[in-house]
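Remarks on the structure that follows.
All residue numbers in this chain count up from 1 along the given sequence. Both ligands and their constituent atoms are indexed starting at 1 by order of listing.
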Amino acid sequence: MNAHPCPTEAAALAARVARAADIPSLERLLSSPEGQELAGLFGRSRLASALRQVLEDMRGQVLAGEMQLAHLSVTNLLAQARCHIDAQEKPRLRIVYNLTGTVLHTNLGRALLPDEAVQAVVRAMTAPANLEFNLETGRRGDRDDLVEDLLRELTGAEAATVVNNNAAAVLLMLNTLANRKEAIVSRGELVEIGGAFRIPDIMHRAGARLVEIGTTNRTHPADYEDAIRPRTALLMKVHCSNYAITGFTRSVGLPQIAQIARQHGLPTAVDLGSGTLVDLTQWGLPREDTVRETVEAGADIVTFSGDKLLGGPQAGLIVGNAELIRKIKKNPLKRALRVGKLTLAALEPVLALYRSPELLADRLTTLRLLTRPQAQMRAQAERLQPFLQRALGDNYAVESTAMFSQIGSGALPIDQLPSYGLCVQYAGPGRSGRSLHKLEARLRNLPRPVIGRISQDALWLDLRCLEENDEPAFTAQLQANTP
Ligand SMILES: *Cc1c(COP(=O)(O)O)cnc(C)c1O
């Protein structure tokens, strides 16, 4: 509970109606003992501006004869100013419980960093670091050097560079290699990712002319061959991140595209989207081409995200042929799109975890969440069910039940992971739909918002992303607040 409850009108004990002359001066409020105490906490100028706001809000009501004198006490006015300040203090970026079932949820910040990365970020934030300083020579260094060796080792590529996100990686790659030239892409791969990333638009902004080939469902090797002209700069393959084309389909595999490109002396670029560094089937997850496989299949440039399946910070990784990477790094846009030191600080330890693949499912948060045993989530659901049922009361029926999670962020869009969680149905009078939406909003308004999803006349809370060490705080919140 807030120690300084906002005074409400009901709290006022009306003695008489206030007049303008009753409004205390700012000076009197600031120099009162309570005012001085608050000024010590927040600074005099900030308190003064909050008080000015309070007085201004009051003046109109006083002039209209709508204000009781008791409202104008020093204590009351200062308490109102404190409310203004408290409202400002609340951070806009708040942590939430992601019970949506989507592990890499773009709107909830995608990958969670493992502890090694968090510690590295804290160190880099609070002390100077050799971001662009070569400690061997004492000369200026290159920030990409911090992770390039690791990226080469993990992907088999000759060279690597890092930018702010994968959209930036694609933009920079296309602008460097295909500006004022043509880039060939299959119509089946002209993807739009959430948040307004569309391959044709990026292509345009990069200065490249998109040459679409084939049809939505079928593209053949001859389509690539026939589209190659003197102005062709590259052949591009884009991962169909958030959709699947099934039925009567045909697409050309990367080895074949790369072979056609090579015969014409052209590079092949692949936007891998999520981009995983390890074979996910070893953990029973759906298959996804790794970056190494993509390089081996003949891609000269591969771009992928840092905060999707990789499980690291937001970043765009570009790996591939040394000469092409050199050109990309020389593009002035690289300077505009480069990553900050906090990103690099987080990225290095995340990549380093991949040196021990057997330990990855335990240490890399994203993979740990994706591979949580269903039995573990089931036991958790059974433990949490009574807490939620008690908190919601008799108008709702809470059941622990099996459900399906998604990886999210355009990784393996149609595959679902067997999960477990809580399903809430409305059991009271009146319409269920509105009551469920109200409940969803109430959970979303808890001190640490709980984000679930409504589907099939129920609110689903998938427990995959509620790790066991989050559980005490989760139940404590349910006990302390009636959502
Ligand atoms: C996600 C995705 C992007 C954008 O990556 P960001 O890191 O979010 O900028 C680009 N291309 C594909 C195929 C993707 O899946």
Of His204, Lys181, Met236, the residue whose pairing with Leu174 passes side chain to side chain contact (heavy atoms under 4.5 Å, CB included): Met236
Who passes salt bridge (charged side-chain N to carboxylate O under 4.0 Å, His left out) against Glu212, sequence neighbours left out? Arg187
Is Arg110 in contact with ligand 1, taking contact as a heavy-atom separation below 4.0 Å? yes
Tell me, please, whether Phe133 has Arg139 positioned over its six-membered ring: NZ or CZ under 6.0 Å from the ring centre and within 45 degrees of its axis? no
Here the atoms of ligand 1 under 4.0 Å from any heavy atom belonging to Ser305 are 5 (O), 6 (P), 7 (O)
Contacting atoms of ligand 1, where contact means under 4.0 angstrom from a heavy atom of Gly273: 12 (C), 13 (C), 14 (C), 15 (O)
With a 4.0 Å cut-off on heavy atoms, does Lys308 reach ligand 1? yes
Restricting to non-hydrogen atoms, name the atom on Leu113 and the atom on Ala346 that form the minimum distance, rounded to 0.1 Å. CD1-CB, 3.9 Å
For Asp271, counting its heavy atoms only, list the atoms of ligand 1 lying under 4.0 Å from any of them. 10 (C), 11 (N), 12 (C), 13 (C)
Between Arg140 and Asp142, does any side-chain N to carboxylate O distance fall below 4.0 Å? no
Who are the salt bridge (charged side-chain N to carboxylate O under 4.0 Å, His left out) partners of Arg292, not counting sequence neighbours? none
Looking only at distance, does His239 have an N or O less than 3.5 Å from an N or O of ligand 1? no
Mark up the atoms of ligand 1 that fall under 4.0 Å of a heavy atom belonging to Ala167, in ascending order. 4 (C), 5 (O), 6 (P), 9 (O)
